[in-house]
Amino acid sequence: MFHRLPDQLPGPAVLDRLWIKLRSVDGQRGRLEQQLIDSYMLIAATGGQGCLTIDLDEYRLRPDTIYAAWPGQTIGVSGGTEGLELYRISFEVRPDSEAAEPFPLKGEITLYPESQTAIQCELLLGYSRSEDPLERFRGQAAFHELLYGVMKHKRQLPVDDSLSALERTRQFIESRYNENLTIEQLARIAELSPKYFVDLFKKTYGKSAIDYVTEVRVNHAKQLMVQTETKLRDIAHQVGYSDEFYFSRKFKQAAGVSPSAYMKKRRRKIAAYTSAILGHLLALGIVPYAAPMHPKWTASYHKKYRSDIPVHLSAYRFNHDWEANVEALAHARPDLILCHADYLRPDELLKLEAIAPVHNLTQPAADWRQQLRTIAGWLDATAEAERWLGDYERKLATARELLKREIQDDTVLVLSIHKNTCLLCPRRGMREVLYGDLRLNAPGGFDEAVCGRTVSFSELADIDAGRILVNVCQETESLAFWQSLQANPLWKDLRAVRRNYVHPISSDPWREYSASAAERMVDDMIRHVYGDHPVHFRKLSMFGSADVDYNSK
């Protein structure tokens, strides 16, 4: 269930009218895949650096700060996570009446240094893991003490707080990007010396302030290019450049392509109604005008193309928000809508057809190569499809050689953890890439008939795979089941587990069925076997890429 976050939260007095109970405490090191949460959560970093995403909001993790997320939101941590240590504290909140105000914390909460948050989190983790029920009960009191400390030490950042000043400056850039901005001006806003401001901004955000200004301007220029008929000269002026030619140079440096090439490529307003359609379009070198976008549900596409795709449709569960998506497309007025008609409601299809011409993939039996060729035929991009497929086949030949050298005759099995069940290779794309394209060995007795079936511990032992790929649904019940599975002696005794050949795989791309997803699965398989060794990825990158080339047709 999704909760609407209020614009202004009530004060601590509301705690008198809320029932609050600790559910669980987890310690986390390094990267955290974007995941849906079904409870309230406090997140505290006690070491290292990283970027926390709560739904669409991003926060640079820092000490003396705690982050509050609500049920129905997604959370994830990425970017420079080496040495990162953080705590995730899940809890329930129930009002004593329907009129009660909501929980009074959300987003980033800065605390005074004397808050002792790190010590409290460590104690809380210890209590929650104790085998003594009395100690676990004590954890409830420790959690309320932590919550009390957060409310007591919560502070409004003073003007001279440098990190707060940087954030104010960043917000100033985003709201005044079309003005003539200088380092001296931005440093004055932050009330820092120009040299210290430059160094601190780069250290905090991973890019210089001037590069950030350029990034904001270019992203706004991209929006204008695809949403309006404005001339390039006027676009340059609207985003803060008085010189059209200087703007073109900055745009090409940032986007890798000239403004005119970018506009030519984006002239047709195509809507991708599902992430799989988006994956096919990107393989053809086409960035759509509208597509499902979210940092969890379409993580790689959101990271690379969120600024290039003006209209973000809901990516949460196919058909879940279809009415809002139809409304967004009605407002956007695309030239063409591409979708999988077999999954649409009859009234949904009728509403889409009232907005723009609709092309449907109506062949569930067609493999992704046929789907790519079909879409290419609609868009007069058959040559691009055949070129991409040729590059993909050459990449497969290299990948098969690399994998054969390391895996040899080992068998490979894919498991999917959902809720409290363990499923055998449930997705078509997984099977086609691993056993078809890469020609890896499936375990004995494994065939299409058993795919998607629940498997028991004893059956896993009988299968006895040499390597196991595990996709865990990133929600609380599935993650808890995966933790208990790893602690089970029968699991620990599996051959792949004993050899340390169990590889976690993410839903993106392994559960998507598209050309781009297939290529990313190949890359991911190489990464799991060889790590991020640059030599192997140089060999693969010689052939094709799902990244869009705006200089192509």
Subject >> K222 side, atom NZ; F251 side, atom CZ - distance, nearest 0.5 Å >> reply: 6.0 Å
Original post:
Does the side-chain contact (heavy atoms from CB on, under 4.5 Å) test come out yes or no for Y241 and D243, once each step is laid out?
Top reply: CA-CA 5 Å; Y241 294 100; D243 184 336; 5.9 Å; no
Original post:
Would you call L166 and Y205 a side-chain contact if the rule is heavy atoms closer than 4.5 Å?
Top reply: yes
Original post:
Any donor-acceptor pair under 3.5 Å linking the side chain of R88 with the backbone of I43?
Top reply: no
Original post:
Going by atom types alone, do S258 and S260 pair a side-chain donor with an acceptor below 3.5 Å?
Top reply: yes
**OP:** For the residue pair S208 and V198, establish whether any side-chain heavy-atom pair is separated by less than 4.5 Å.
**Re:** no
Original post:
Is there side-chain contact between H528 and I505, with at least one heavy-atom pair below 4.5 Å?
Top reply: yes
Original post:
Taking all non-hydrogen atoms of both residues, which atom of L124 and which atom of F143 are closest, and how far apart?
Top reply: CD1-N, 3.7 Å
Original post:
Do the non-hydrogen side-chain atoms of L282 and V287 ever get within less than 4.5 Å of each other?
Top reply: yes
Subject >> Shortest non-hydrogen contact between S516 and A283, atoms and distance >> reply: OG-N, 3.5 Å
**OP:** Apply salt bridge (Lys or Arg N to Asp or Glu O under 4.0 Å) to R520 and D508, showing your working.
**Re:** CA-CA 9 Å; R520 288 185 289 125; D508 176 28; 2.8 Å; yes
Original post:
Which pair of heavy atoms, one from A221 and one from V239, lies closest together, and at what distance?
Top reply: N-CG1, 3.8 Å
**OP:** Would you check, one step at a time, whether the test side-chain contact (heavy atoms from CB on, under 4.5 Å) holds for Q140 with K21?
**Re:** CA-CA 7 Å; Q140 294 291 337; K21 182 179 180 181; 3.5 Å; yes
Subject >> Value rounded to 0.5 Å, distance of CE in M293 from CG in L278 >> reply: 6.5 Å
Subject >> Approximate separation, where rounding is to 0.5 Å, of Q73 CD and K106 NZ >> reply: 8.5 Å
Original post:
Are there more than 12 heavy atoms of other residues, nucleotides or ligands under 6.0 Å from atom CD of E179?
Top reply: yes
**OP:** Report the relative orientation of the aromatic rings in H302 and H312; use parallel for angles under 30°, tilted for 30 to 60°, perpendicular for over 60°.
**Re:** perpendicular
**OP:** Please assess Q35 against I75 for the test side-chain contact (heavy atoms from CB on, under 4.5 Å), listing each intermediate value before the final yes or no.
**Re:** CA-CA 5 Å; Q35 58 189 250; I75 65 166; 4.0 Å; yes
Subject >> Heavy-atom donor-acceptor pair, H144 side chain to I20 backbone, under 3.5 Å >> reply: yes
Original post:
Would you say D321's side chain and A324's backbone share a donor-acceptor pair under 3.5 angstrom?
Top reply: no
Original post:
Does any N or O in the side chain of Q34 come within less than 3.5 Å of the main-chain N or O of W297, such that one atom is a donor and the other an acceptor?
Top reply: no
**OP:** Supply the atom-to-atom distance N178 CG to R217 CZ, rounded to the nearest 0.5 angstrom.
**Re:** 8.0 Å
**OP:** Tell me, with the steps shown, if S90 and I37 meet side-chain contact (heavy atoms from CB on, under 4.5 Å).
**Re:** CA-CA 9 Å; S90 301; I37 60 173; over 6 Å; no
Subject >> Check: Q474 side chain, V472 main-chain N or O, donor-acceptor pair, under 3.5 Å >> reply: yes
Original post:
Once you round to the nearest 0.5 Å, how far does CG of L200 lie from OG of S193?
Top reply: 10.0 Å
Subject >> Worked check of salt bridge (Lys or Arg N to Asp or Glu O under 4.0 Å) between E58 and R170 >> reply: CA-CA 13 Å; E58 293 185 353; R170 191 175 66 84; over 6 Å; no
Subject >> Exam field: side chain Q28 to backbone L86, donor-acceptor pair closer than 3.5 Å >> reply: no
**OP:** Identify, with sequence neighbours excluded, every residue that meets side-chain hydrogen bond (donor to acceptor under 3.5 Å, both in side chains) alongside K207.
**Re:** E215
Original post:
Between S128 (side chain) and L125 (backbone), is there a donor-acceptor pair under 3.5 Å?
Top reply: yes
Original post:
Rounded to the nearest 0.5 Å, how far apart are CG of D523 and CE of M521?
Top reply: 11.5 Å
**OP:** Begin with the C-alpha distance, continue with both residues' side-chain angles, and end with the deciding distance and a verdict on side chain to side chain donor-acceptor pair (under 3.5 Å) for Y262 and D308.
**Re:** CA-CA 10 Å; Y262 186 87; D308 295 281; 2.9 Å; yes
Subject >> Side-chain donor or acceptor of D55 paired with backbone N/O of D57 under 3.5 Å >> reply: no
Original post:
Is there a side-chain contact between D38 and E477, using heavy atoms and a 4.5 Å cut-off?
Top reply: no
Original post:
CZ of R333: more than 12 outside heavy atoms within 6.0 angstrom?
Top reply: no
Original post:
Is there a side-chain contact between L42 and L147, using heavy atoms and a 4.5 Å cut-off?
Top reply: yes
**OP:** Provide the closest heavy-atom pair for F103 versus L18 in the form atom of the first, atom of the second, distance.
**Re:** CA-CD1, 3.8 Å
**OP:** Would you check if L232 and S248 make a side-chain contact, meaning some heavy-atom pair closer than 4.5 Å?
**Re:** yes
Original post:
Does R23 use its side chain to pair, donor to acceptor, with the backbone of E92 at less than 3.5 Å?
Top reply: no
Subject >> Chi angles and distances behind the salt bridge (Lys or Arg N to Asp or Glu O under 4.0 Å) call for D199, K195 >> reply: CA-CA 6 Å; D199 293 342; K195 185 180 186 308; 3.2 Å; yes
Original post:
Do the side chain of T214 and the main chain of I210 share a donor and acceptor less than 3.5 angstrom apart?
Top reply: yes
Subject >> Closest heavy-atom pair and its distance - L186, V213 >> reply: CD1-CG2, 4.5 Å
**OP:** Please name the pair of heavy atoms, one in T298 and one in S275, separated by the smallest distance, quoted to 0.1 Å.
**Re:** CG2-CB, 3.7 Å
Original post:
Hey, does D335 have a side-chain heavy atom less than 4.5 Å from the side chain of Y289?
Top reply: no
